[in-house]
Amino acid sequence: MSGKLLIVDGNSILNRAFYAFKGSAMLSTSEGIPTNAVYGFLNILNKYIEEENPDYIGVAFDLKAKTFRHLMSEEYKATRKGMPHELAKQLPIAKDVLKAMKIAILEKEGLEADDIIGIYSRIAEEKDMAVSILTGDRDALQLVSDRTTVIIPSSSKGKTETNRYDPGMVREKFGVEPVALIDVKALMGDQSDNIRGVPGIGEKTAIQLIQEYGTIENLYEHLDDIPKERIRTLLREGRESAFLSKKLATIIREDEGLSELEPLKRQEMDREALYRLFLELEFNSLIRRMGLEQPARQEAAETVSYPIAEVTSEEELRKIVSQLNRKKELALYAMIEQTGRIGGVMTAICMGWEEQLYFVRTGERIGEPELAKLLSPIFMNRELKLICHDVKPLYTWLLSYGMDLECELFDPMIAEYLLDAQAGSYSLDRLAQRHLNLAPDLPEAFRGTAKQRFSDLSREELLCASGKVTSLLKPIYERQSEKLDNSEMHFLYHDVELPLALVLGSMEYYGFRVDKDALEEYGGMLERRIKSLEQTIYMLACEEFNINSPRQLGVILFEKLGLKAVKKTKTGYSTDAEVLESLADKHEIIPCILEYRQLTKLKSTYAEGLIKVIHPVTGRIHSNFNQTVTATGRISSTEPNLQNIPVRTELGREIRKVFIPEEGYVLVDADYSQIELRVLAHITGDETLKTAFRDGVDIHTLTASQVFKVPMDQVTPDMRRSAKAVNFGIVYGISDFSLAKDINVSRKEAARYIEGYLNTYPRVKQYMEDTVRNGQEKGYVETLFHRIRHIPELKSSNFAVRSFGKRVAMNTPIQGSAADIIKIAMVRVWRELKKRKLKSRLILQVHDELLVETWEDELDEVKDIVRVGMEEAVALSVPLTVDISVGRNWYEAK
DNA sequence: GTGGTAGA
DNA sequence: TCTACCAC
């Protein structure tokens with residue numbers, strides 16, 4: 001039996017980092033510590049080991065967040081000053097820890113086991129950490145060695161494998177025999193969450209128990225049989241055990257059984273494990289810095305990879321298609337690039353199911369249009385389920401060849417988004433990692449992130465990599481299906497998100513026509529006004545400077561012109577609109593700067609930004625609609641973002657005049673009226689709100705009337721404005737702090753408004769409380785259609801983080817349900833337009849608004865389709881009303 | 001609250 | 001990366 005010392009933290013990330021660094025010294029920290037701090041420690045410690053103690057023996061030790069913060073406190077503030085980089089800030093602390101280690105190590109000539117083991121406790125003593133470890137935190141010090149004690153954390157019930165410590169696993173994995181088990185939280189006097197519901201087993205009694213039951217497994221099995229009375233005794237002992245634990249840490253010093261140092265020698269860093277870990281955690285810059293990009297190939301043995309054959313003639317392909325077409329399910333991976341061509345370019349495609357995969361490269365033998373046509377029987381086969389990761393580009397590609405897609409679909413990317421909307425990345429290799437624990441070695445083009453194109457790769461590379469990824473589809477599909485089937489998201493997935501991918505694909509395909517000349521003229525007009533404003537500003541400042549630089553502007557305003565700085569940012573003076581507005585009457589330069597800001601924003605982001613993305617062939621803007629980005633279920637739009645085209649100011653709104661329909665078409669714009677507040681009324685069941693919406697009462701005036709306790713007809717515009725802001729705040733779940741900023745009152749005043757609101761609508765208040773509690777219990781909240789959002793922040797010990805979690809918990813069901821509803825409406829409208837074979841098409845969604853480019857002859861029909869599609873998307877206890885307007889450009893149609 | 005983009 | 005600002 002080896003004499004390994006292992007300190008296991010409940011924090012799975014760091015556990016795994018420890019394994020990756022096995023043999024290296026490791027300083028792990030708890031939640032709340034910046035990852036680069038962890039990295040910094042690792043780096044420094046490793047360096048130290050390499051340079052000064054090559055034979056240093058692996059020690060992991062664990063600094064609790066509180067201790068860490070303590071170390072970060074006063075005494076270090078001074079040293080941190082002036083250090084340029086985050087990492088540098090951590091240096092003094094790391095050095096200090098090192099110093100402690102050095103003392104421990106170098107005090108004696110040679111290295112001896114008890115020194116190594118003792119380091120931890122010495123540091124703990126020197127830094128007053130023992131207290132923190134034993135009583136100051138809910139986690140605990142956990143040691144494993146052959147003669148010492150296994151402390152099983154209460155997170156042994158945890159879901160992740162790294163957290164699941166049971167005696168058998170300890171024995172197998174660490175080669176040590178556990179002699180006792182201690183529930184850590186019970187030690188801390190926390191009875192809420194103990195091993196299998198048994199409160200606090202003190203170490204001493206635990207040993208007795210094990211002796212009684214022979215083995216730990218046996219004890220586990222009979223935990224429920226232990227009499228309640230005895231459990232109470234154990235609980236009392238729990239506190240004593242805490243002090244025992246401290247002894248445990250020192251007992252080892254005298255343990256001669258640890259003289260065998262060989263197994264503790266430093267080993268090579270496990271670069272692959274580290275690579276996989278960093279990949280999963282998206283520590284991309286760390287991967288780069290540590291040069292982990294090309295981990296040694298490791299996956300070959302365990303990667304599912306089916307045989308693959310290349311298809312090189314149309315005739316052959318036709319045969320294979322008819323053969324594949326008889327299958328129930330088919331995995332397909334399309335190597336499509338978004339290029340200048342609308343619909344993208346398909347370099348190759350790979351498809352098949354388990355026993356055999358087929359690879360087709362487009363080119364002279366089989367052209368893209370021919371390929372689209374040849375594959376069509378599969379795409380139109382409603383009896384077949386196509387497993388396709390990211391189906392949207394495949395659909396736009398098909399549209400560009402006049403083809404359609406009507407088979408059943410399964411898209412792992414979308415499935416994963418529903419399972420975890422905050423996962424960040426949904427590329428296939430990440431899915432393989434999450435579901436299959438595989439780290440396939442793939443060219444960058446297959447990993448979604450890189451600039452590399454499929455067409456940059458050789459035939460062999462494409463064949464090999466696409467075979468790998470296509471093989472992944474089936475097992476991923478099976479695992480995701482199981483998870484989805486166990487959830488309530490079936491409807492959302494099959495009837496909303498999957499068809500929506502096609503809707504978005506067609507929206508991207510059609511794009512939005514733009515009058516380029518008008519846009520250029522608009523830009524020119526802005527340019528002229530900016531130039532003249534610029535001169536005025538230089539004159540008023542008596543010097544030329546870069547107005548776009550908040551830094552330079554800050555110097556001019558607050559140093560040269562002597563204006564009073566109201567607010568600061570991390571790097572200097574704040575010059576945001578809020579600050580400038582408060583200074584508006586202090587100096588005539590201020591209004592000029594505000595106007596300059598507005599004009600340059602319009603010019604650079606909108607005028608120039610939009611011109612850049614007009615497609616030279618279609619003359620239209622083909623925005624990219626992303627379905628898997630937002631945590632709430634909303635869609636996002638990029639390159640350009642068409643969901644934030646100005647509307648509030650007249651000058652900004654003018655831009656909408658350049659968004660025009662095709663010849664013979666008009667724009668139909670339909671937007672939900674107050675959809676979030678209606679969702680709120682429905683979810684909370686508040687009668688006042690429901691009646692108001694049924695009667696078509698102005699909701700902000702109503703709120704004002706009720707909160708300020710005046711009759712409806714005596715509500716002043718000011719009162720209405722405040723009420724509107726409060727409604728706004730409720731919908732978006734903003735804090736009293738942000739509300740105060742929005743309506744320019746004190747934070748206390750804002751808090752009173754919110755309180756007044758909640759007292760006016762007790763059902764809303766009840767809902768808010770219920771949702772938060774529910775979220776805390778389950779760890780997630782859900783929308784009307786069971787879209788879930790995990791909110792780990794609710795469990796944070798940090799007030800600000802927890803408050804954020806609460807607001808998110810209150811807001812997400814509202815915003816998310818509204819997102820669900822408009823998505824349902826989009827699918828309905830799109831399907832109806834398609835079914836009736838109309839020329840009109842859905843081209844844009846802006847959260848509560850749909851835009852249909854409408855063939856003039858179809859105007860009445862389209863208005864009807866849109867109204868019904870949206871208003872009847874879902875039956876709530878309040879009506880959903882839609883305002884529709886028609887125009888020859890977007891400006892007119894709003 | 002949720003996003004995206006531009007400029008320094 | 002930070003600051004600022006556009007939308008719902």
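All values derive from a computational prediction rather than experimental measurement. Proteins get letters first, then strands, A, B, ... in listed order; numbering begins at 1 in each.
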task: Mind checking side chain to side chain donor-acceptor pair (under 3.5 Å) for A/His786 and listing every partner two or more places apart, or none if nothing turns up?
output: A/Glu782
A/Trp830: side chain to side chain donor-acceptor pair (under 3.5 Å) partners, not counting sequence neighbours: A/Ser506
- request: Determine the contact category for A/Arg789: base if any of its heavy atoms lies under 4.0 Å from a base atom, sugar-phosphate if only primed atoms, P, OP1 or OP2 are that close, otherwise nothing.
  value: sugar-phosphate
- prompt: So what does A/Val731 touch, heavy atoms closer than 4.0 Å: a base, only the sugar-phosphate, or nothing?
  reply: nothing
task: Provide the full list of salt bridge (charged side-chain N to carboxylate O under 4.0 Å, His left out) pairs with a residue in residues 745-760 of chain A, sequence neighbours left out, each pair given once.
output: A/Asp736-A/Arg747, A/Glu749-A/Arg752
All side chain to side chain donor-acceptor pair (under 3.5 Å) counterparts of A/Thr783, not counting sequence neighbours: A/Asp820
message: Using a 4.0 Å heavy-atom cut-off, does A/Leu602 contact any base of the nucleic acid, only the sugar-phosphate backbone, or nothing at all?
response: nothing
- request: Tell me which residues in residues 574-597 of chain A put a heavy atom below 4.0 Å from DNA chain C, sorted by number, or none.
  value: A/Ser574, A/Thr575, A/Asp576, A/Ala577, A/Arg597
message: Please tell me whether A/Tyr761 and A/Tyr757 form a close aromatic pair, meaning their ring centres lie under 6.0 Å apart.
response: yes
task: List the protein contact pattern of nucleotides 3-8 of chain B with one symbol per nucleotide (5' to 3'): B for base contact, S for sugar-phosphate-only contact, - for none; contact means a heavy-atom distance under 4.0 Å.
output: BBSSSS
message: Would A/Leu642 and A/Met507 count as a side chain to side chain contact (heavy atoms under 4.5 Å, CB included) here? Give the steps.
response: CA-CA 12 Å; A/Leu642 287 185; A/Met507 280 164 44; over 6 Å; no
task: Quick one: label A/Arg807 by what it contacts on the DNA or RNA (base, sugar-phosphate, nothing), any heavy atom closer than 4.0 Å.
output: sugar-phosphate
- prompt: Which atom pair, heavy atoms only, marks the closest approach of A/Tyr606 to A/Asn644?
  reply: OH-O, 2.6 Å
task: Sequence neighbours left out, what passes side chain to side chain donor-acceptor pair (under 3.5 Å) with A/Lys603? Give chain and number order.
output: A/Glu527, A/Glu608
query: Going 5' to 3' along DNA chain C, which nucleotides are the first and last within contact of chain A (any atom under 4.0 Å from a heavy atom)?
result: C/dC2 to C/dC8
message: Counting only heavy atoms and a strict 4.0 angstrom limit, can you tell me which residues of residues 774-787 of chain A come near DNA chain B?
response: none
message: Tell me every residue that passes side chain to side chain contact (heavy atoms under 4.5 Å, CB included) with A/Tyr573, counting only those two or more places apart in sequence or in another chain.
response: A/Phe558, A/Glu559, A/Ala565
task: Please name all residues satisfying side chain to side chain contact (heavy atoms under 4.5 Å, CB included) with A/Thr628, sequence neighbours left out, ordered by chain then number.
output: A/Met413, A/Tyr417, A/Tyr426, A/Asn626
task: Could you pull out all residues at least two apart from A/Pro591 that satisfy side chain to side chain contact (heavy atoms under 4.5 Å, CB included)?
output: none
query: What is the minimum heavy-atom distance between A/Ala873 and A/Ile824, and which atoms define it?
result: O-CG2, 3.6 Å
- request: Examine the side chains of A/His790 and A/Asp420 and answer whether a donor and an acceptor come within less than 3.5 Å of each other.
  value: no
